[in-house]
Asker: 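Have a look at this one.
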Amino acid sequence: FPVTIRQIIETIGKLKKTKIRIINVPKVMVNVFAFLGDYLRLPLNTKRLTKMTKNLVVSNQKIKNDLGIDSLPLGTLEGLEKTINDFIEN
């Protein structure tokens, strides 16, 4: 199932035992900053905002087909947690 950026951030915070503050910024404000970024050469511009906010869904079907299996041993969030823990421990 798809995982959101918010879920990834919350999972990292949980595993690092760090309090995460997610700030909800009005969409119109972000769009204005991105528009200004186009003209003021700021790090946030409309092109980057589009890339950051579009849906990115990746299928693991090719991996399963190549390995000749029906399902992977871990779910999405379980795999994410295992990966993050490996980074924290090493």
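Atoms considered below: every heavy atom in the structure, side chains included; atoms not considered: hydrogens, waters and symmetry mates.
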Asker: Quiz question: by atom type and distance under 3.5 Å, do the side chains of Asn65 and Gln61 form a donor-acceptor pair?
Answerer: yes

Asker: Find out if a path of hydrophobic residues (ILVMFWY) with successive side-chain heavy-atom gaps under 4.5 Å connects Leu80 to Phe87.
Answerer: no

Asker: Might you point out which heavy atoms bring Leu77 and Thr11 nearest each other, and give the distance in Å?
Answerer: CD2-OG1, 4.3 Å

Asker: Hey, any chance Ile23 and Val32 share a hydrophobic cluster, counting ILVMFWY side chains that come within less than 4.5 Å of each other, even indirectly?
Answerer: no

Asker: Which residue pairs satisfy the side chain to side chain donor-acceptor pair (under 3.5 Å) criterion with at least one member in residues 28-39, sequence neighbours excluded?
Answerer: Asp38-Thr46

Asker: So, the side chain of Glu89 versus the backbone of Asp86: is there a donor-acceptor pair under 3.5 Å, distance only?
Answerer: no

Asker: Give the intermediate values and the outcome of side-chain contact (heavy atoms from CB on, under 4.5 Å) for residues Ile8 and Ile12.
Answerer: CA-CA 6 Å; Ile8 293 170; Ile12 293 169; 4.0 Å; yes

Asker: Other members of the hydrophobic cluster containing Val28, with the 4.5 Å side-chain heavy-atom rule, please.
Answerer: none

Asker: Would Ile84 and Val3 show up in the same hydrophobic cluster when neighbours are defined by side-chain heavy atoms closer than 4.5 Å?
Answerer: yes

Asker: Look at the side chain of Thr50 and the backbone N and O of Arg48, then say whether any donor-acceptor pair between them is shorter than 3.5 Å.
Answerer: no

Asker: Mind checking whether Ile5 and Ile20 sit in one hydrophobic cluster, side chains of I, L, V, M, F, W, Y counted as touching below 4.5 Å?
Answerer: yes

Asker: Can you hop from Phe35 to Leu40 via hydrophobic side chains spaced under 4.5 Å?
Answerer: no

Asker: How about Leu72 and Lys64: do any of their side-chain heavy atoms sit closer than 4.5 Å?
Answerer: yes

Asker: More than 12 foreign heavy atoms under 6.0 Å from CD1 of Ile88: is that the case here?
Answerer: yes

Asker: Which pair of heavy atoms, one from Thr53 and one from Leu49, lies closest together, and at what distance?
Answerer: OG1-O, 2.7 Å

Asker: In terms of side-chain geometry, is the basic nitrogen of Arg6 or Glu10 positioned less than 4.0 Å from the acidic oxygen of its partner?
Answerer: yes

